[in-house]
Each structure stands twice: as structure tokens, then as C-alpha cells.
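In what follows, chains are A, B, ... by sequence order, proteins preceding strands, each numbered from 1.
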Amino acid sequence: MDKYDHQSIEKKWQERWVSSGAFNTPDKKDGAENFYFLTEFPYPSGNLHVGHWYAFSVPDIFVRYMRARGYNVMYPIGFDAFGLPAENAAIKNKLNPREWTFNNIEYMRGQLRSMGASFDWSREVITANPSYYKWTQWLFLQFYKKGLVYRKETAVNWCPKDLTVLANEQVVDGKCERCGSLVEQRMMPQWNIKITDYADRLIDDLKDLDWPKQIKEAQTNWIGRSEGAEIDFKLTTDVPRLNLGTLTVFTTRPDTLFGVTYMVVAPEHALAQQSDDADVKEYIEQAKQKTELERTGSKEKTGVELKGVKAINPANNSEVPIWVADYVLGNYGTGAIMAVPAHDERDREFAEKHNLPIKQIELEDSKKIVEQVGGKWTKNYHLRDWVVSRQRFWGVPIPMIHCEKCATEGENKGWNPVKETELPVVLPDLEDYLPTGEGKSPLAKKHDWVEVACPKCGGQAERETDTLDTFVDSSWYFERYTDPKNDNEFASKDKLKTWLPVNLYSGGSEHTTMHLLYSRFWHKAMFDLGLVGESEPYLKRMNRGLIMGPDGQKMSKSKGNVIDPDAVVAELGADTVRMYLAFIGPYNEVGAYPWNPNGTVGVRRFLDRVWKLEPSNSKLSPQVEILLNQTIKKVGEDIASLKLNTAVSALMILLNEIEKDVSHDAYKKFVQLLAPFAPHMAHELAERHGWKREEWETWPSFDESKLQNEMVMVAVQINGKVRATIQLKIDASEEEALVLGRQAVAKWLKGPFDSAQGKEKKAVYVPGRVINLVV
RNA sequence: GCCGGAGUGGCGGAAUGGUAGACGCGCACGACUCAAAAUCGUGUCUCGCAAGGGGUGUGGGUUCAAGUCCCUCCUCCGGCACCA
């Protein structure tokens, strides 16, 4: 046969697949079960890297296998198209962010097609299209009506470089997750979504999901539930004009109540704030100046006493002093603690530094104590509500309008939602995309857009100029895939029911406590609104690993270790790259696999040998026939469990055996097994052999009776050490096996066995595997 | 500090408690070639000429049999962390 010309052959099949819509998935297919395979949609950065290939081309092996097995598989693709890079490119190069984004999308479509992946392009979803974000806004308004959205002035994370607020999840080690700048704390009014209302369900519902343990653990840690009690301490003061009431603390250790020697309130606590003591005022001011990282990073225990007021321990009526210290956080629990230096390391440090008493006590029963002092059992979470306002342009406009005149009451005072009939609130183009720098989106400069009639009173009002966090966009894209062109609903009930929940979701571990948590919450909230039929969106989730540079380091331009997939594809072909990435390691484990340029050559070598394979009229030997059946079984099982590396290895072993001589039947089966991995080559071979679709585009079956050779090699051990191997009939009895085993060791290992002869204490035969003689 | 996960050749990695190192890369030698590349063949855990011995981070344990199960320690990776 001619040399394998991957360039023309791959191009030919890719064009055919696209023009025929070969992988457009019907919502129902007779006799076929639906299977929804989802992988995180890409950000249109403008260029595909090896990570994209790993994310999309490797799962395509699984998808094509499932199709061959008769499933109606949806494998959709889209673009998470809003976000800062488009805006930054616009500012830097004087471009329109919309054009930048959509040009990138167009270019990346071509690159994605070069994978030969079986995407259903007819379901493409782009979050920056008004036809999509109309429904993002609509969902936001449903959440608003349900009371899940509120506006509040709180201390928020502010990125001084990206000039926007960030959610807690987007701050890593005190730094902006995107750009690495140190995050500052600012008091700003922002739109929040009540994810904390779902904290318990987000933890408790994990137990029924077929998800890796590490993701469940990470989410549970992130939500950080702790159970304890709130206990009131009466305040007493020698300053009569103050009516101080009580000081409530949260504790997980009510049993230590008798060991309390002082109290601590956070600098933000009302009790500290209303003090006119100069020392306290100064301390509060200092604490305010600290960044989050400085405050939680330094373990040094500073603080000042709040003079003139004491707390009374409800357990024993003893009077204890109250201190203000920033090791107590204002936004957790009640912002105040009872300090038990004998039983808490931090309290001990503080007590030692400030000469406060340390009182050893007998621990008592928590339940009884809480009951005795009238405490209230409660839970606290590390999880914070989701701040979704972003002071940036390239995002979904938040569909809210501020009207001074007809201000509604309550926490959202002054704000009214845009009428649903007015959706979408379209994001306009601007002259200049520079942020205002005053904590406002550049949209604020577009006055004719901002000024709008109040939806309630019709008077002059102003639009919200912040846009939504892009994690809102991506919280429901997989629902839109089920019905991407629907103009009347975000998706029809029927179609949602047909496809959801997602059967398998593949993605990166970096989304564990961001997208994956947000979208679980979002889906649960939609479930409560009756919009979807199940409370968990993804039945099974897997985190894939990372592809590193050839030097084992993370690929980066500065290290010069970046592999350009387009170049490798041009040189060796898409099938080679797909198969190499499948071969590099188990797909369903979070490893870091270095790209080995020689490895791709090895896979290409394998494919070249496949290409040269010529079937003949010969018959397979019984041994090779067994191997063929074993391989069919193994490759199928391995793909199903995403152990693609061992599936590839099984194909290589089979090729090594059939290379010299292969029957027509075995040849076809081999090509069928190869097809998910190297679809271009497989289709080309099928066409050249004149096979009809229905004749080969299926998964071959194996003969259960031909999985084992009649004769097997069995190891003979003495005390667990292999001393010989013998040929044995697979159905040999234990007695026969042991007789032959003893003969074998006698023959091969005269010396040692002679000395052991007659001393055999025990003999074990594991059929077809091993004989162990214990002496 | 708390919670997960993982430690196997020169490298990526294989091994339902049953012959450790499959498969691939690399390397060595050989064939082809004037030569090289490509390709093909053979070998490749380790000590030993061999017979044989040793070997899956450490030390113990369970078992006829342990990379695999249990305990100790060490190292690495990930999540959380002044969260009361």
C-alpha cells in the first residue's frame, strides 16, 4: 500500500464529517439509550494548546466507543466567551472585544475540527451571544424573585490590577486567581447570591455522586461546615449610659465553658466599634489597614482590652474581661469568641502574651452545658455568599435598574429588576473600554445606555453597570446544550428531561471549588424553582491530569517548553496525537504527564505498521484467536473505565502478533478496535476495503469460550519463590497439577528440592496461575 | 495543624492477594546501506562467567503467597487553615 498520507486523509474525513453533520445528535434514536458526555467548554483565547487536545480529543475516544456500542451520545462543544482577556486585548490593541472574541472562536473552530473529534456542532453554545445571555439574565431574575439574590455593602476582595471585585473562590493565597496580584479588601455594595443557603445540601448530596473522593473532600473542606453552639454572655459595665445587652459567641467546644478566662471580639464587632477608648480606636484603625493576607498570614497575637465592660460566664457567673483582637474574624460565627487558653492553642498564645489567666478544667458534657446555659445549637460555614458583580465591561449586564424615587424596601432598596419582556439587556459597544478606576465598569460612561425608565414608576432611573461573574455564564451551559436554539425558554422541559443529568463530566481539577461548586448550586436552585428535574447536574465526574513540557515542567513561553499541537499534527497527524495522549497515562487520574516527543513518534510508528497490514486468506492460529478475543474484551473494558493507556497497549500487543499474517475477519475487527483512537485512518481503511457502514461501524463482540488457551504456563513456587514454570492444561485437577509441579521442581532445581523432599507441609494450586509448595 | 492521594527500571507507566517491570520511549548490538536516516531483528531491573541470589520509599505485621491488606516512620502532590 502507498505511504500513509495523514495530511490529505485526515483533511478529507474531517471535511466529510463536518459537511454531513455526521455527529449531530438527535434527541431520541430508536433503540438507543441516550448518553450525555460533557467536557468543560473552552475559553476563546485564540489558540489551541496541548491541554485542549487532552481535554477534547482523548474523551472523543470514549465517545466514539460508546456510539459503536449503540448509545446515542451527545458530545457538545461551545465557548465560554465572556471574560477579561477580551477586554484587556481591546484596551491594549484598541480592538472591539466582541470582534476579538468572535474572530478567535472562528479560528478555534478550525483547530478543534483538526482533532477529528465527533462534536455535535449543531448544538454550539456561545455565552457572549444575546440569545444565550438573555437566559442567563432570566435565570438571575428567577433567583432574585426567589430571594436568592441580594445587594449588600460588605468587605469584598478587590483586585487592583484587574480593577474588579472577585469572589472568595477566585482568591488563592490572598492573590487574584487570574493575574496573581495581591487582593485588597474594600467596602463595596455588590450583588450576592445566597449559595450559603445550600451549604448543607452541597455537602450532604455529595455522598450519592459517583465522583472521585478528592473532589468530594475538597468541596467539603471548602464549604467548611462546623457544628457548635451559640452562647450568650451577659455584659456588665460600670459606665451606666451604655446599654450593652449580651455578647453572643459561637463555639464548637461548649464543654470548655468553665475554662473561659476572657472574651475576644473582632475589630469589626459592634462592641468594639462603639468604644470611644483611644487605644481601641487606634487598634481598629490598624487592623483595617491590613490586607487579608497580612491579617491571616501573621500568627502574632495582637490586641487591646475593651475597658469598662466585662462579660459574665453563664456557667459559673464569673466576670471575665473582653479584648479586641484581630485573630478573631468579623465575618465568621458571631465575630466574637469565648477564650479558653487551657484548651485552645491560639487562646493560649494570646493569654501568655497578654498575661491573662489560664484555667485548667475538667471537660464536661457539651449537650448538658448548652442546655444548662440556654445555648442554641447551630452550624457555621467557611463558605461565603457568591459575590457576582464585576466592574468590567465584557460580561453579561446585570438586569437591574436603580430608581431613587420608587425605592423598594428591604435589602435591595432602590433596585428593581428589568421586566422579563425586556430581556436581553444587550451589552452595547463602547468608544473606549478603559475601566473608570473608581470601582465602576466602563459601561458607566455610556450615559445613553445607563439612563433608562424605571420599570416600576416609569421615571428616570439608571441601569446597573456591573456585569456578572463569568462563572454565572458557565453554571448552566450544559443545560442549554440540550436545546440551544430555543427562543422561548432557556431549554424545553422535554429536552432537559431527555438529556439530564449529564452522564459523565470531564474537566480540570482547578474547577473543583469554583465552576463545579457554583454549577451544582445553580442547578439545585433551579431544581427548587421547578426548572429542572433533578437536584444534581452531573452523575459522574472525572478530573483529568495535566500535560507538562518535555522537561516535566509546566508548559510556559518563558521556559521555552511549549509544544504546539498544530505543528505536531502537521508532522505526524491528528490520529497520532490523539493516540499518544491516550497512551501517556490513565486518563481518569490527576497525574502530570510530560510530553515526550519520541513518544509521538512511537505511536506514529505503530500506525504506519497498521497501515501496511495486509489481510490474507489464512486462518488464525488458535493462540492468536484467543489473543484477539481477549483484546476485544480488554480494549472495550479499558475504554469504558477510561484506562486508555492500557487499551492502546493491548492494541499494540495484538498488532505484534497479527502483523506477519492476519485473516480478513481478524483484520476487520482490529480496525474496528482502532477506530475510536485513530478514526481517520480507520475510516480510510474501511473505505478502501469497501466495507459498508453498518458492516463495521459497531463494536466487535468476543467469543466467551475463546478467552483462554487450553494450555497455560503455571509458575511453581517453593515457599512463594518461583522455582520453575510448567505447561498445564487449563482444566487440570489440583492433584494433576501438584504432581507435575513436584516433578518440575525436582527436575529443574535438584539441589534445593532434594533437601526439601519429604518435608512438604502444604501445597496450594491456584488454577491456571501458580503452584506453591510449602516446605 | 486537619483532611485526601501517591511513592515500582534511565523515562511515561503495567500488574482481580498469585510468575513484578506488560506496552511504549530510550539505550546496546545486529541486518539492510558506500554511508546515514528510515525500517526490521535481538537484548535491556540488579549482583553473578554460571549455578544461584536480591529487588516495588522505611521498619514491622497478616497470609501458603504482599507492589497490592494492616500498623510505624519518611518523602512528594492536592484541598483547607488564626474559621473559634
Side-chain angles (χ1 to χ4, degrees), chain A residues 172-173 212-226 228 249-253 256 264 266 295-301 325-329 331-340 343-347 349-350 380-384 509-510 512-513 543 548 550 552 580 583-586 589-603 605-606 608-609 612 643 645-656 659 713-725 749-752 760-775:
Chain A
V172 179
D173 293 332
K213 204 172 180 176
Q214 68 243 38
I215 306 183
K216 295 188 181 186
E217 289 292 329
Q219 290 203 349
T220 304
N221 282 345
W222 178 259
I223 295 167
R225 174 164 65 194
S226 63
V249 300
F250 173 72
T251 178
T252 55
R253 294 292 306 277
T256 63
V264 186
R295 181 157 162 188
T296 56
S298 155
K299 305 285 180 209
E300 207 188 311
K301 302 282 178 295
D326 66 4
Y327 80 92
V328 170
L329 306 174
N331 56 1
Y332 183 79
T334 61
I337 62 157
M338 58 183 219
V340 188
H343 292 275
D344 183 283
E345 217 176 294
R346 294 151 304 180
D347 295 345
E349 271 178 55
F350 189 83
N380 266 293
Y381 307 89
H382 298 187
L383 185 73
R384 300 280 184 271
S509 57
E510 70 274 21
T512 298
T513 55
N543 280 354
M548 317 302 273
Y580 168 65
F583 190 46
I584 204 165
E589 280 176 30
V590 186
Y593 309 109
W595 177 281
N596 178 358
N598 286 318
T600 50
V601 175
V603 170
R605 215 175 270 165
F606 165 80
D608 280 336
R609 282 162 54 200
K612 283 188 222 148
K643 290 175 193 158
N645 53 335
T646 49
V648 173
S649 128
L651 288 174
M652 289 172 165
I653 293 168
L654 181 59
L655 178 67
N656 289 344
E659 203 165 22
M713 290 284 278
V714 171
V716 185
Q717 303 177 330
I718 296 176
N719 293 340
K721 296 275 178 196
V722 178
R723 289 295 181 260
T725 53
L749 298 169
K750 253 181 193 139
E760 188 182 295
K761 288 181 198 139
K762 187 170 182 171
V764 180
Y765 175 51
V766 184
R769 291 273 186 183
V770 73
I771 292 167
N772 192 13
L773 305 173
V774 187
V775 296

What's the closest nucleotide to the [X] side chain, out of [options]?
X: A:Lys213; options: B:G4, B:C82, B:U39; value: B:G4
X: A:Val328; options: B:A84, B:U19, B:C40; value: B:A84
X: A:Ile653; options: B:A22, B:A84, B:G12; value: B:A22
X: A:Val770; options: B:G18, B:G26, B:A81; value: B:G18
X: A:Asn221; options: B:G24, B:C80, B:G13; value: B:C80
X: A:Pro586; options: B:G4, B:A15, B:G13; value: B:G13
X: A:Phe583; options: B:A84, B:G12, B:G4; value: B:G12
X: A:Ala715; options: B:C23, B:C82, B:U19; value: B:U19

Please tabulate the protein-to-nucleotide N/O contacts below 3.5 Å involving nucleotides 59-65 of chain B, giving atom names and distances.
{"residue": "B:C64", "atom": "O2'", "partner": "A:Asn772", "partner atom": "ND2", "Å": "2.9"}
{"residue": "B:C64", "atom": "O2", "partner": "A:Asn772", "partner atom": "ND2", "Å": "2.9"}

Return the nucleotide paired to [N]: Watson-Crick means purine N1 to pyrimidine N3 with N6-O4 or O6-N4, wobble means G-U with N1-O2 and O6-N3, both under 3.5 Å.
N: B:A65; result: none
N: B:C80; result: B:G1
N: B:A51; result: none
N: B:C11; result: B:G24
N: B:U16; result: none
N: B:U75; result: B:A6
N: B:C29; result: B:G41

I need the [atom1]-[atom2] distance between [X] and [N], as an integer number of Å.
X: A:Leu655; N: B:C40; atom1: CG; atom2: P; value: 10 Å
X: A:Gln214; N: B:A6; atom1: CD; atom2: P; value: 9 Å
X: A:Asn645; N: B:A15; atom1: CG; atom2: C1'; value: 12 Å
X: A:Asn598; N: B:G10; atom1: CG; atom2: P; value: 18 Å
X: A:Glu510; N: B:G79; atom1: CD; atom2: P; value: 11 Å
X: A:Met652; N: B:G13; atom1: CE; atom2: C1'; value: 12 Å
X: A:Lys643; N: B:U16; atom1: NZ; atom2: P; value: 8 Å
X: A:Asp326; N: B:A84; atom1: CG; atom2: P; value: 17 Å

Using the [atom1] atom on both, measure [N] against [M] and round to a whole Å.
N: B:U16; M: B:C77; atom1: P; value: 28 Å
N: B:G67; M: B:G9; atom1: C1'; value: 14 Å
N: B:U56; M: B:U46; atom1: C1'; value: 13 Å
N: B:G79; M: B:G18; atom1: P; value: 34 Å
N: B:A15; M: B:G61; atom1: P; value: 29 Å
N: B:A6; M: B:C71; atom1: P; value: 14 Å
N: B:G41; M: B:C47; atom1: C1'; value: 29 Å
N: B:U33; M: B:C40; atom1: C1'; value: 13 Å

Is [X] near enough to [N] that one of its side-chain N or O atoms lies under 4.0 angstrom from OP1 or OP2?
X: A:Arg769; N: B:A15; result: no
X: A:Tyr327; N: B:A84; result: no
X: A:Asn656; N: B:G24; result: yes
X: A:Arg253; N: B:A84; result: no
X: A:Thr220; N: B:G79; result: no

A:Asn645 versus A:Tyr593, side-chain donor and acceptor atoms under 3.5 Å: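 The answer is no; no qualifying pair exists.
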Contact class for [X] (heavy atom, under 4.0 Å): base, sugar-phosphate, or nothing?
X: A:Met713; answer: base
X: A:Gly333; answer: nothing
X: A:Glu300; answer: base
X: A:Lys301; answer: base
X: A:Arg225; answer: nothing

Between the main-chain N or O of A:Val764 and the side-chain N or O of A:Asn772, is there a donor-acceptor pair closer than 3.5 Å?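 Looks like no, no N/O pair under 3.5 Å.
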Using every non-hydrogen atom in the two residues, find where [X] and [Y] come nearest and quote the distance to one decimal.
X: A:Ala218; Y: A:Thr513; value: O-CG2, 3.8 Å
X: A:Trp595; Y: A:Ile584; value: CA-CD1, 4.5 Å
X: A:Ser226; Y: A:Tyr332; value: OG-OH, 2.8 Å
X: A:Met338; Y: A:Asp347; value: O-OD2, 4.0 Å
X: A:Gly335; Y: A:Val328; value: O-CG1, 3.5 Å
X: A:Phe250; Y: A:Thr334; value: N-OG1, 3.6 Å

Syn or anti for B:G61 (syn when the glycosidic angle lies within 90° of 0):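 The base of B:G61 is oriented anti (glycosidic angle more than 90° from 0).
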Would you say the side chain of A:Arg609 lies within less than 4.5 Å of the side chain of A:Leu655, judging by non-hydrogen atoms?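 Answer yes - side chains close enough.
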Return whichever of A:Thr646 or A:Val714 has its heavy-atom-nearest nucleotide of RNA chain B closer to the 5' end.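 Counting from the 5' end, the first nearest nucleotide belongs to A:Thr646.
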Closer to the 5' end of RNA chain B via nearest nucleotide, is it A:Lys721 or A:Gly602?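 Checking each residue's closest nucleotide, the 5'-ward one belongs to A:Gly602.
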Kindly confirm or rule out a cation-pi arrangement of A:Lys301 over A:Phe350, judged by NZ or CZ under 6.0 Å from the six-membered ring centre and within 45° of its axis?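 The answer is no; the distance or angle limit is not met.
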Pair listing, side-chain hydrogen bond (donor to acceptor under 3.5 Å, both in side chains) test, anchored in residues 214-225 of chain A, at least two apart: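 Checked against side-chain hydrogen bond (donor to acceptor under 3.5 Å, both in side chains) - neighbours excluded - the pairs reaching residues 214-225 of chain A are A:Glu169-A:Trp222, A:Asp200-A:Arg225, A:Asp204-A:Arg225, A:Gln219-A:Arg520.
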More than 12 foreign heavy atoms under 6.0 Å from NZ of A:Lys643: is that the case here?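 Incorrect, the count does not exceed 12.
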